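To start, the structure under review is shown below, and the notes come after it.
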Number of protein chains: 2
Amino acid sequence: MSLRIALLGLLTAYGSASGYDLTKGFERSVAHVWQAGHSQIYPELAKMTADGLVTVAAEGARGRKIYSITPEGRAELRAWLIGHDPSGPARSEVALQAFLLPLLETREALDVLERLKTHMEHKLAELEALRAAKQAASAQEGTSGVRFGDLALDLGLRQVRTSLQWADDAIAQLGRQATTEEGADPS
Amino acid sequence: MSLRIALLGLLTAYGSASGYDLTKGFERSVAHVWQAGHSQIYPELAKMTADGLVTVAAEGARGRKIYSITPEGRAELRAWLIGHDPSGPARSEVALQAFLLPLLETREALDVLERLKTHMEHKLAELEALRAAKQAASAQEGTSGVRFGDLALDLGLRQVRTSLQWADDAIAQLGRQATTEEGADPS
DNA sequence: GATTGACATGTCATTGCTTACATGTCACCT
DNA sequence: AGGTGACATGTAAGCAATGACATGTCAATC
């Protein structure tokens with residue numbers, strides 16, 4: 001269901017777009033919020049056309065099909081935004097690793113945490129680059145107010161920073177434990 | 001793959017357990033980290049038995065099968081913890097709603113944010129209850145140090161708090177925008 | 001003229017996951 | 001004796017998602 005919504009949202013933002021454009025859109029702006037490859041997008045667009053949520057407005061060069069959203073599509077999107085209670089299945093590989101970490105020896109656990117931290121630093125850098133790019137783009141036009149995707153980007157940035165902090169604190173905590181263990185048990 | 005890991009992890013923690021026990025375990029402790037119903041767990045246990053990662057150690061009353069982890073299973077779990085780079089597909093319905101929020105009118109967007117906030121407050125309460133229960137349990141025994149699931153619970157709590165903060169700030173920001181709009185356009 | 005690479009759209013097999021169906025045991029209460 | 005509800009294990013249909021396969025156009029470079 002959510003894939004449909006994401007597509008309808010992008011289509012609203014773009015006015016009209018091809019499957020290819022939307023695939024690129026997923027790689028860029030929405031990537032940190034929802035993911036989908038072209039092999040999922042093309043069939044979904046076909047289904048949505050059959051359901052009357054989008055239409056092929058025009059066909060361009062190289063078999064390019066340009067979709068645009070229909071009133072039914074707009075209604076569907078609106079209804080989801082207003083009425084949908086997010087219950088997204090909590091599935092996080094990072095959290096799972098964190099959960100199981102005490103199964104490892106302290107040294108090994110520290111290594112894993114360091115790797116996780118590096119990973120998060122990369123992600124933070126990506127998101128900050130994205131924000132910088134957005135700000136540069138919006139400075140050119142005189143647009144003001146909250147723009148498409150801004151709130152989600154802010155949320156993403158905050159969450160990555162929180163995760164980083166957690167990793168730091170977890171490393172410190174395990175580090176303390178390791179040294180007291182050494183002191184208590186100098187084998 | 002991650003389901004296998006979660007099962008191996010729980011099995012290590014419990015020593016040995018039936019499919020039913022593991023299903024309950026998913027509802028309780030791991031719920032905020034990974035989810036799975038019994039219809040996914042039973043077949044997976046069968047496959048893992050075939051692959052030699054677990055064995056049926058005993059059969060109890062009511063057809064109860066008690067599984068325990070094998071050395072191969074332990075190795076698999078260890079290898080994943082140490083070597084797996086978490087790349088978990090970023091798919092969050094909350095973030096998607098946040099992303100698309102500017103498509104709504106300010107008033108409607110504020111309503112959605114309030115609902116999200118309530119939702120997050122419930123989740124926060126759940127996690128805090130879980131933490132309280134854990135602390136009570138560990139106070140009875142004299143266990144010290146970092147326990148199974150503690151780090152993940154801490155991460156979860158921090159992330160929910162961050163999300164709540166974000167919601168509050170987003171509400172404030174949209175609220176300001178709404179009042180300036182009224183002032184500029186008193187139709 | 002040939003190759004490279006971005007553009008552009010699709011299918012298919014497999015795996016993961018959800019929901020519903022289906023069956024049966026055992027303890028306790030009435 | 002019958003009902004309820006926790007215990008216990010499975011199967012099957014169908015949707016969602018991934019990764020690999022497959023095909024073809026067009027512009028620019030070599």
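Quick note on labels: first sequence line is chain A, next is B, and so on, each numbered from 1. Treat the numbers as computed from the prediction; the structure is a model and nothing was measured.
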Among all residues two or more places apart in sequence or in another chain, which pass the salt bridge (charged side-chain N to carboxylate O under 4.0 Å, His left out) test with [X]?
| X | result |
| --- | --- |
| A:K123 | none |
| A:D21 | A:R64 |
| A:E108 | B:R78 |

Charged N-O contact under 4.0 Å between [X] and [Y]:
| X | Y | value |
| --- | --- | --- |
| B:K47 | B:D51 | no |
| B:D111 | B:R107 | no |
| A:R131 | A:D150 | no |

Validation row: B:W80, B:L8 side chains within 4.5 angstrom (heavy atoms):
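Result no, sub-4.5 Å side-chain heavy-atom pair not found.
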Beyond-backbone contact of B:L151 with A:Q173, side-chain heavy atoms, under 4.5 angstrom:
yes
For B:S16 and B:S68, does a side-chain donor sit closer than 3.5 Å to a side-chain acceptor?
no
Does the side chain of B:E93 pick up a donor-acceptor pair with the side chain of A:H84 at under 3.5 Å?
yes
With A:T118, which residues qualify under side chain to side chain contact (heavy atoms under 4.5 Å, CB included), at least two apart?
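A:T118 satisfies side chain to side chain contact (heavy atoms under 4.5 Å, CB included) with A:H122 only.
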Taking NZ from A:K65 and P from D:dT25, how many angstroms apart are they, rounded to a whole number?
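Rounded to the whole Å, the gap is 16 Å.
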Kindly state which residues belonging to [range] come within less than 4.0 angstrom of DNA chain D, counting heavy atoms of the residue only, listed by number.
| range | answer |
| --- | --- |
| residues 92-100 of chain A | none |
| residues 8-28 of chain A | none |
| residues 72-86 of chain A | none |

Outermost DNA chain C nucleotides near chain B [under 4.0 Å, heavy atoms]:
C:dG16 to C:dC26
With heavy atoms under 4.0 Å as the rule, sort A:R91 into base, sugar-phosphate or nothing.
sugar-phosphate
Pairs in or reaching into residues 97-118 of chain B: which pass ring-ring contact (aromatic ring centres under 6.0 Å, His included), with residues at least two apart or in two chains?
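Those involving residues 97-118 of chain B are A:F148-B:F99.
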When you measure from the side chain of A:H119 to the backbone of B:D85, do you find a donor-acceptor pair of N or O atoms at a distance under 3.5 Å?
no
Pull out every residue in residues 55-63 of chain B that has a heavy atom closer than 4.0 Å to any atom of DNA chain C, ordered by number, or say none.
B:R62
Tell me, which of residues 30-43 of chain B have any heavy atom that sits under 4.0 Å from an atom in DNA chain C?
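Heavy-atom cutoff 4.0 Å gives B:W34, B:S39, B:Q40.
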Between A:R161 and A:E121, is a salt bridge (Lys or Arg N to Asp or Glu O under 4.0 Å) present by the stated rule, with each step listed?
CA-CA 9 Å; A:R161 286 201 199 100; A:E121 275 162 356; over 6 Å; no
Distance-only donor-acceptor hits, side chain of residues 31-46 of chain A, under 3.5 Å, sequence neighbours excluded:
unit_1	atom_1	unit_2	atom_2	d
A:H32	NE2	A:S29	O	3.4
A:Q35	OE1	B:A90	N	2.9
A:E44	OE2	A:R4	NH1	2.8

For A:E128, is the CD atom crowded, meaning more than 12 foreign heavy atoms sit under 6.0 Å from it?
yes
So with a 6.0 Å cut-off around CD of B:E27, is the heavy-atom count from everything else above 12?
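Counting neighbours around CD of B:E27, more than 12 heavy atoms of other residues, nucleotides or ligands fall under 6.0 Å, so yes.
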